[in-house]
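Here the structure is a predicted model, which means the values were calculated and not measured.
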Amino acid sequence: MASNHLYLVDGSGYIFRAYHRLPPLTNVHGEPVGAVYGYTTMLWKLADELHKADGPTHMAVILDKSSHTFRNELYDQYKAQRPPPPEDLIPQFPMIRDATRAFSLPCIEEEGLEADDIIASYAKAALREGWSVTIVSSDKDLMQLIEPGLDLYDTMNNRRLGPEHVLEKFGVMPDRLGDVLGLMGDSVDNVPGVPGVGPKTAAKLIQEHGDLEGVLAAAPSMKPGKLRDNLIEHADNARLSRVLVTLKDDAPLKDSLEELALQGIPEAPLRAFLEHHGFKSLLAKLSAVADAPVEAPKSVPQEEDPPCDHDGYETVVDVAALDAWIAKARAQGWIAIDTETTGVDATRAELVGISMALEPNKACYIPLAHGGTGLFAEKPDQLTPAIALEKLGPLFEDPAVLKIGHNLKYDMIVLGRLGIDVAPHDDTILMSFDLDAGLHGHGMDELAATHLSHSCIAFKDVVGTGKSQRSFNEIDLKAATRYAAEDADVTLRLWRRFKPRLVAEGATRIYEMVDRPLAPVIARMERHGVKVDREKLAQLSTEFAHSIAALETEIHGLAGGPFTIGSPKQLGDVLFERMGIKGGRKGKSGVYSTDVTELERIAADKDSPGKVIAARVLDWRQLSKLKSTYTDALQAQINPETGRVHTSYSLTGAQTGRLSSTDPNLQNIPIRTEIGRQIRDAFVAEPGNVLLAADYSQIELRLAAHMADVPALKEAFASGADIHSMTAQELFGEVNRDTRGRAKTINFAILYGISRWGLAGRLDVTADEAQGMIDRYFERFPGINHYIVETTEKARDKGYTETLFGRKTHFPRIKSKVQHERQGAERAAINAPIQGTSADIIKRAMVRMGPALADAGLPHVRMLLQVHDELVFELPEGDVDAARPVIERVMATAAEPAITLSVPLGIEIGVGASWGAAH
DNA sequence: GAACTCACG
DNA sequence: GACGTACGTGAGTTCG
């Protein structure tokens, strides 16, 4: 067997060259990818080398990790003049790592070392073993390493660089190149050298005098002039430069040489990466070679992190320590953060401290407001919020430092209230959701247990429970540090696991283009809140209370005695035992069902003795529900500081990708009944403003028509026909109130995964009749049945379904041996791509809405609420005419350009002084 | 804390 | 052969 051949790729050097040589390309998501594309084609070229006789047997990509290295210790001006990378290159750095992983290549980067030093160390080690080495670079510093058995490969010009190239360009052999470079200096790296000495002079001097020391020693005897003076005056600079350009070739190797062995390039991650960026020419090439046998994927040994060392975390209480952490974060380029506060409501909680983590077990806690709240309460030594935030604010807003959090939306709100705009960011809760929705929850404790085999310190164990529960600011600094720093540490560890998985598993698009950018948008909405008219709610409460009391008296009279109407058990006993109404038992607990369908059945039965009481109980139920859940609870939710209600949206609560809303839930405010609708009138605009409600009309049916490819449905939507009437015509041959209603029920049943029994129950027909309608539906709308079969099969085969934008929802229960579990999973799987795609579309609209309104000169239009297919805005009355078309356009085109729908997305917009009036 | 009920899309 | 029936949520009440 031929000897080993190690290829070392100078990734960092390549990125800058590619950036400057290639046009500013963007991918289908609008992300700048010029350098990424160049880099990817370079790796592709290298992959071709694999098959050559003297091709690589081992390969690694080397990247610069930090800007601060040992050279800065020698010379503080080293690389100091270097401008920051261009704006549109910064986001490409993480993508370069993604590209490297897509090729299943090891990626090496180390703190305190430049890529060149790592390359030199690996090169020397390999040469000592008798291997051949090729460095993929055209960097002049690396040319110093050229010797027998080692060459450089410049992929851009497709040429090999050997000693003759160095001789031609610098006039010396590679072993003297360092002396030449030392004399020349390097303005890009701010290496001083000797003024007036360029490549020609340097080469001549070294040729004449052997090496740098020879030149400097000979300087006094040179002919008088500028060159002689400069050599004498800047001799020390020349010596320093000689050291700076010398590569460190004895650094310890992070991975052994053997670990760099090439084991084939699995196709799946590479395809996912190319598809994400839409690199079509490379995809075509991939397909051409895909038929060739591919070696088994390399089994990468899972990197084991050390266990959490709670006592090793640092408590930061002075400026010097804080500065040190901030400097390290800047040098590294990313940091995990977490805020500790006095409560769970981000729009009210006060900041208590901040934790940060740089690497596993390298974490700290910065207490800011610990100590009792009383006047004489003792406070531990700690930084004041003002001083700490003056330092941390610029870090959290530094575009060159990635802030990593778990549910960072919370921290964004807390810090946003303090005037800090956290950016850029990564969020591990969203990463987990986009990778594993449906498999498990995404809370940090659960993820730590699942992915890190680590059980986090329970918050309850720190603050206690019940009456003895304390606020986090009352926790002593030692315990607080153990808990808080662990959170940042765990977040960082999770991030290191999830980040590579995003590309490998095809979740990058949904994460980068939808969920990640949505977090700050939602944070702003939650901070804005919505104005609620307390008087109006109080007035409704009173009205409802009177009606409830009257109904209660009447119901007790009808029942022949008092009982608790709100108790389903007591109500069931009264109706079905005491009053002898016929009905069936339900549920394992043996109580009679008294839900709305049961009560309506009784109320509609002319001959039932319970006809009246059932109707009264229904009224009582409706009013009690409205009063307790809405008019009473909502008043209590008004924030006294802002006078508005601030809901909290969960981005990870609903398996399909929808948002959910809590504390309070503003996604289930009544609208279906006239009496409930009054509650919407209590949601109002500030004086001089109005509310604008914009909703997608029939979006899920439209998406079903597109995704299942149903010609009749698509035509109906294109022509603006009433879809339920059209369905009624197709199924029943005539359109009237009854057939349209039935058609509407069937249309929805389709979206939910139909069963004949379910439909029979809804339409009050036999299962056979229901089956007949379903058969006719499938016949009239070919495509629907195909969609259902395809979707459930995919869910069974792959374990998940996908939306048009690639969002996955997992259905582990689809393989359950328990029939109803399995069938339930099948129905959910049928629905998830449709509901999820709808969620993706409105989320994309939300992400684009802010910039679109700003571009239109409408900075005062604020997005307040999202209710699955509806967005609610508050805006100055005078902005309505200008805002309406912008909002309409952003929503209607939200799927583009990633997806071109075959149905139009209809938008309905209403404006009014209240939410009720805007409908 | 589970069960039941019901508000929304 | 019986069972229990639509998808996705959150919140208030009762009761063991």
At under 4.0 Å between heavy atoms, how does the protein contact nucleotides 7-14 of chain C? Give one character per nucleotide, 5' to 3', with B, S or -. BBSBBSSS

Taking atom C1' in both B:dC6 and C:dC3, what distance in whole Å separates the two? 25 Å

Using OP1 and OP2 only, check whether a side-chain N or O of A:Arg672 sits under 4.0 Å from B:dA7. no

Nearest-angstrom distance, P atom, C:dT5 to B:dC4: 11 Å

Separation of C:dC15 P from A:Phe563 CZ (nearest whole Å): 11 Å

Provide, to the nearest angstrom, the distance between the CG atom belonging to A:Asp573 and the C1' atom belonging to C:dC15. 13 Å

Using a 4.0 Å heavy-atom cut-off, does A:Leu666 contact any base of the nucleic acid, only the sugar-phosphate backbone, or nothing at all? nothing

Here the distance between atom P of B:dG9 and atom CG of A:Leu703, to the nearest Å, is 17 Å

Nearest to side-chain heavy atoms of A:Trp757, which nucleotide of C:dT5, B:dC4, B:dA7: C:dT5

May I ask you to say whether A:Asp738 pairs ionically with A:Arg742, meaning some side-chain N is under 4.0 Å from a carboxylate O? yes

Counting only Watson-Crick and G-U wobble pairs with both atom distances below 3.5 Å, the stems of 3 or more consecutive pairs that include DNA chain C are B:1-9 with C:7-15

Any Lys/Arg nitrogen of A:Glu526 or A:Lys409 sitting under 4.0 Å from an Asp/Glu carboxylate oxygen of the other? yes

Just checking, is any N or O donor in the side chain of A:Tyr777 or A:Asn785 under 3.5 Å from an acceptor N or O on the other one? no

Salt bridge or not for A:Arg807 and A:Asp434, using N-O below 4.0 Å? yes

Value in whole Å for how far the C1' atom of B:dC6 lies from CG of A:Leu599: 12 Å

How far, in whole Å, is C:dG4 from B:dA3 if one measures between their P atoms? 15 Å

Value in whole Å for how far the C1' atom of B:dA7 lies from NZ of A:Lys627: 17 Å

What do the steps show when you test A:Leu599 against A:Leu575 for side chain to side chain contact (heavy atoms under 4.5 Å, CB included), and what is the final call? CA-CA 10 Å; A:Leu599 293 181; A:Leu575 294 177; 3.7 Å; yes

Distance in angstrom units between A:Phe544 CZ and B:dA7 P, rounded: 12 Å

Rounded to whole Å, the CD1-C1' distance (A:Ile565 to B:dC6) equals 17 Å

Using a strict threshold of under 4.0 Å (side-chain N to carboxylate O), is an ion pair present between A:Asp515 and A:Lys843? yes

Take atom CH2 of A:Trp620 and atom P of B:dC4, then tell me their distance rounded to the nearest Å. 17 Å

Taking only side-chain nitrogens and oxygens of A:Ser838, does any of them come within less than 4.0 Å of OP1 or OP2 of B:dG9? no

How long is the gap from NE2 on A:His724 to CZ on A:Arg740, to the nearest 0.5 Å? 5.5 Å

Drop me the distance from A:Phe732's CZ to A:Thr727's OG1, to the nearest 0.5 angstrom. 9.5 Å

Ion pair A:Arg776/A:Glu779, N-O distance below 4.0 Å: no

Can a salt bridge be assigned to the pair A:Glu700 and A:Arg658 using a cut-off of 4.0 Å between side-chain N and carboxylate O? yes

Could you tell me whether A:Thr745 contacts a base, only the sugar-phosphate backbone, or nothing, with contacts defined as non-hydrogen atoms closer than 4.0 Å? base

